[in-house]
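First up is the structure itself, then whatever we jot down about it.
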Amino acid sequence: QKEVEQDPGPLSVPEGAIVSLNCTYSNSAFQYFMWYRQYSRKGPELLMYTYSSGNKEDGRFTAQVDKSSKYISLFIRDSQPSDSATYLCAIAGTKAAGNKLTFGGGTRVLVKP
Amino acid sequence: ETGVTQTPRHLVMGMTNKKSLKCEQHLGHNAMYWYKQSAKKPLELMFVYSLEERVENNSVPSRFSPECPNSSHLFLHLHTLQPEDSALYLCASSQEAWFFNYGYTFGSGTRLTVV
C-alpha cells in the first residue's frame, strides 16, 4: 500500500464549478498536511498548509483534514481557467519520528472556459 | 533574483557524458533538497542538505553525486546515467530541514533527457 494515494485524473470542470480533490494516507503519525499546485513546466508551489486536523480557508481554497479517516481534501470554489494545473498533496510526520515529506502522485485539473 | 533558481532548464546527455545541475536559493534558507519527478510517479526525495551537511541520502545510485558548497548553492553531478534517469529534477529549500510550516520552495526544475 502506498503511503499517500491520489487519483491522477484528469479532472475536467466548467469555469465557476467547485473542484474537489482528495488524498488518502496510511500512516497515522502524519501531522503536517499540505497542498501544492504545479503548473506545466514549473516547480510545485505551496497552496495550503494545515497542522493536525480541521479546516483551513484561504480565499477560494479550503483544505480539510480528517485524521480519523486518514483523508484530506482541497476544494476550489468559483474555479477559473487559471486554476488548471496539477495539484499535489504532501504529508509528513514529526521530525522526531524521522518522517520525510511524502507526496501524492498529483491530480491534473482542467477548468474549461 | 528571488526564490530558487535552477540551471539549465533543459539538458540532453548521452549515457557516457558528465554534466552538473545547479540550484541557487536567495531566501536565506538553511536546508536544500533534490527531488526527482518522473511521469506518473510521485516526487521522489533524493538528497537533503542542512547547513551544507548531507543529512539524507535516499538510496540514490552513485551515478548521482550531490555537492553543497554553501547554504545558498546546491549541485547535482551526473555521470554514466541510464535512460530511466530521464525526468524532471527539482531543487527545493526550506528554513530548516524537514521544517514544514511554510512548506518547501521549489525551483522550476531541470528537464533531463538521457539518450
Side-chain angles (χ1 to χ4, degrees), chain A residues 1-10 23-27 29-52 56 58 61 63 65 72 74 85-108, chain B residues 2-10 21 23-25 27 29-50 54-60 74 87-112:
Chain A
Q1 183 186 8
K2 292 180 182 177
E3 283 196 290
V4 180
E5 299 264 12
Q6 187 175 8
D7 189 322
C23 286
T24 58
Y25 62 94
S26 58
N27 190 339
F30 285 143
Q31 297 282 350
Y32 302 89
F33 305 94
M34 284 147 273
W35 286 94
Y36 282 80
R37 177 176 62 195
Q38 186 174 20
Y39 290 115
S40 180
R41 291 185 289 277
K42 294 285 188 181
E45 57 176 328
L46 182 67
L47 208 55
M48 299 285 282
Y49 161 80
T50 307
Y51 173 70
S52 193
K56 186 172 185 178
D58 184 1
F61 299 89
V65 176
I72 67 171
L74 177 71
T86 297
Y87 291 80
L88 309 166
C89 62
I91 306 177
T94 61
K95 181 179 176 181
N99 280 344
K100 298 173 277 292
L101 190 60
T102 302
F103 285 84
T107 299
R108 186 166 161 241
Chain B
T2 58
V4 178
T5 304
Q6 289 188 244
T7 55
R9 292 296 308 273
H10 301 274
L21 310 184
C23 176
E24 185 173 1
Q25 58 98 0
L27 301 166
H29 288 168
N30 291 323
M32 297 186 77
Y33 311 79
W34 279 116
Y35 277 88
K36 176 183 179 183
Q37 187 174 36
S38 305
K40 301 190 191 319
K41 292 178 70 175
L43 269 73
E44 300 172 58
L45 179 64
M46 299 176 73
F47 302 104
V48 181
Y49 276 84
S50 176
R54 190 191 310 180
V55 296
E56 182 78 24
N57 178 346
N58 210 26
S59 303
V60 178
L74 186 64
L88 181 67
Y89 289 85
L90 291 162
C91 173
S93 69
S94 65
Q95 288 188 327
E96 299 174 18
W98 301 296
F99 183 73
F100 307 115
N101 291 43
Y102 301 107
Y104 293 177
T105 303
F106 284 86
S108 293
T110 295
R111 173 68 63 185
L112 174 67

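What you see is a predicted model, and the numbers here were worked out from it, not measured in a lab. Chain letters run A, B, ... following the sequence lines, proteins first, then strands; residues in each count from 1.
- The backbone N or O of A:Arg41 lies less than 3.5 Å from a partner atom in the side chain of B:Arg9, making a donor-acceptor pair.
- A search for side-chain hydrogen bond (donor to acceptor under 3.5 Å, both in side chains) contacts involving B:Tyr89 returns nothing, not counting sequence neighbours.
- Ranked by heavy-atom pairs under 4.5 Å with chain B, the first of A:Gly105, A:Ala90, A:Pro8 is A:Gly105.
- Checked against side-chain hydrogen bond (donor to acceptor under 3.5 Å, both in side chains), A:Gln6 has the following partners two or more places apart in sequence or in another chain: A:Thr107.
- Below 4.5 Å, heavy atoms of chain A meet heavy atoms from B:Tyr35, B:Gln37, B:Pro42, all part of residues 30-42 of chain B.
- Neither the backbone nor the side chain of A:Tyr39 has a heavy atom closer than 4.5 Å to any heavy atom of chain B.
- In terms of modelled atom types and a separation under 3.5 Å, the side chain of A:Tyr36 and the main chain of B:Tyr104 share a donor-acceptor contact.
- Separating the CG atom in A:Leu101 from the OG atom in B:Ser94 is a distance of 9.5 Å, to the nearest 0.5 Å.
- Taking both residues in full, the closest heavy atoms of B:Ser108 and A:Lys42 are given as OG-CD, 3.9 Å, listed atom of the first, atom of the second, then distance.
- In this structure A:Lys56 satisfies the salt bridge (Lys or Arg N to Asp or Glu O under 4.0 Å) test with no other residue, sequence neighbours excluded.
- For chain B, the nearby parts of A:Pro44 are the backbone and the side chain; heavy atoms of each come within less than 4.5 Å.
- The closest side-chain heavy-atom distance from B:Leu43 to A:Leu88 is below 4.5 Å.
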